[in-house]
Amino acid sequence: MESIQLIFMLSTLLLAGVLTAVKTKGDRTPVRGLKFLGILVSSVPIIGVIQGIIVRKRLPLYSDACFIQAIYCGIGYVIITQVLPKYA
């Protein structure tokens, strides 16, 4: 079970990197770094949703990335904590 949790945590980091690369094309490198940290913080679903709502009109691609990260982590958390223990 610990290996599944480790794989999930690494996949959230990888997803944040991919979303940053795809959704922030054309931004300067320091801005991309900050957006990567913001997307990574969006791994906590409530923070990701709040962040996505706040920047929705001003930065729509970044907002989409925050929502995607929050949804992925929320669903993954439910699967790992609620569904997998029943079958393991």
Side-chain angles (χ1 to χ4, degrees):
M1 192 63 162
E2 290 86 19
S3 61
I4 293 173
Q5 291 173 344
L6 178 64
I7 291 170
F8 177 68
M9 292 185 69
L10 291 174
S11 71
T12 59
L13 183 64
L14 180 65
L15 179 64
V18 169
L19 287 172
T20 302
V22 171
K23 300 287 186 176
T24 61
K25 288 183 179 176
D27 288 345
R28 295 186 320 249
T29 303
V31 174
R32 289 180 99 175
L34 290 173
K35 286 184 179 180
F36 170 74
L37 290 176
I39 294 170
L40 190 60
V41 169
S42 293
S43 297
V44 179
I46 190 70
I47 293 175
V49 170
I50 291 170
Q51 209 174 8
I53 290 171
I54 289 173
V55 298
R56 186 73 176 157
K57 290 186 180 180
R58 191 162 181 196
L59 300 167
L61 293 176
Y62 175 71
S63 173
D64 291 344
C66 290
F67 283 130
I68 292 169
Q69 184 79 6
I71 291 168
Y72 176 79
C73 291
I75 292 172
Y77 176 78
V78 168
I79 289 173
I80 288 175
T81 60
Q82 303 295 322
V83 176
L84 287 181
K86 292 179 183 178
Y87 297 105

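All residue numbers refer to positions in the sequence shown, counting from 1.
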Are L14 and L10 packed together at the side-chain level, in the sense that at least one heavy-atom pair is separated by less than 4.5 angstrom?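 Counting from C-beta outward, L14 and L10 never come under 4.5 Å.
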Please round to the nearest 0.5 Å and tell me the distance separating atom [atom1] of [X] and atom [atom2] of [Y].
X   : Y   : atom1 : atom2 : answer
L61 : C66 : CG    : SG    : 11.0 Å
T20 : K35 : OG1   : NZ    : 9.5 Å
K25 : R32 : NZ    : CZ    : 8.5 Å
I80 : M9  : CD1   : CE    : 9.5 Å
I4  : I79 : CD1   : CD1   : 11.0 Å

Report whether I68 and V18 are members of the same hydrophobic cluster (ILVMFWY, side-chain heavy atoms less than 4.5 Å apart, transitive linking).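 No.
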Can you give each donor-acceptor pair under 3.5 Å made by side-chain atoms of residues 37-56, sequence neighbours left out, with the distance rounded to 0.1 Å?
{"from": "S42", "atom 1": "OG", "to": "G38", "atom 2": "O", "distance (Å)": "3.0"}
{"from": "S42", "atom 1": "OG", "to": "Q51", "atom 2": "OE1", "distance (Å)": "2.8"}
{"from": "S43", "atom 1": "OG", "to": "L40", "atom 2": "O", "distance (Å)": "2.8"}
{"from": "S43", "atom 1": "OG", "to": "Q69", "atom 2": "NE2", "distance (Å)": "2.9"}
{"from": "Q51", "atom 1": "NE2", "to": "Y62", "atom 2": "OH", "distance (Å)": "2.8"}
{"from": "R56", "atom 1": "NH1", "to": "S63", "atom 2": "OG", "distance (Å)": "3.4"}
{"from": "R56", "atom 1": "NH1", "to": "D64", "atom 2": "OD1", "distance (Å)": "2.6"}

Of the options L19, T12, L13, which is the one that meets L15 in a side chain to side chain contact (heavy atoms under 4.5 Å, CB included)?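 Only match with L15 under side chain to side chain contact (heavy atoms under 4.5 Å, CB included): L19.
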Minimum-distance pair of heavy atoms, taken over all atoms of Y72 and S11: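 What the structure gives for the nearest pair is OH-OG, 2.7 Å.
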Y77 OH: over 12 foreign heavy atoms closer than 6.0 Å: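 No, because the 6.0 Å sphere around OH of Y77 holds 12 heavy atoms or fewer from other groups.
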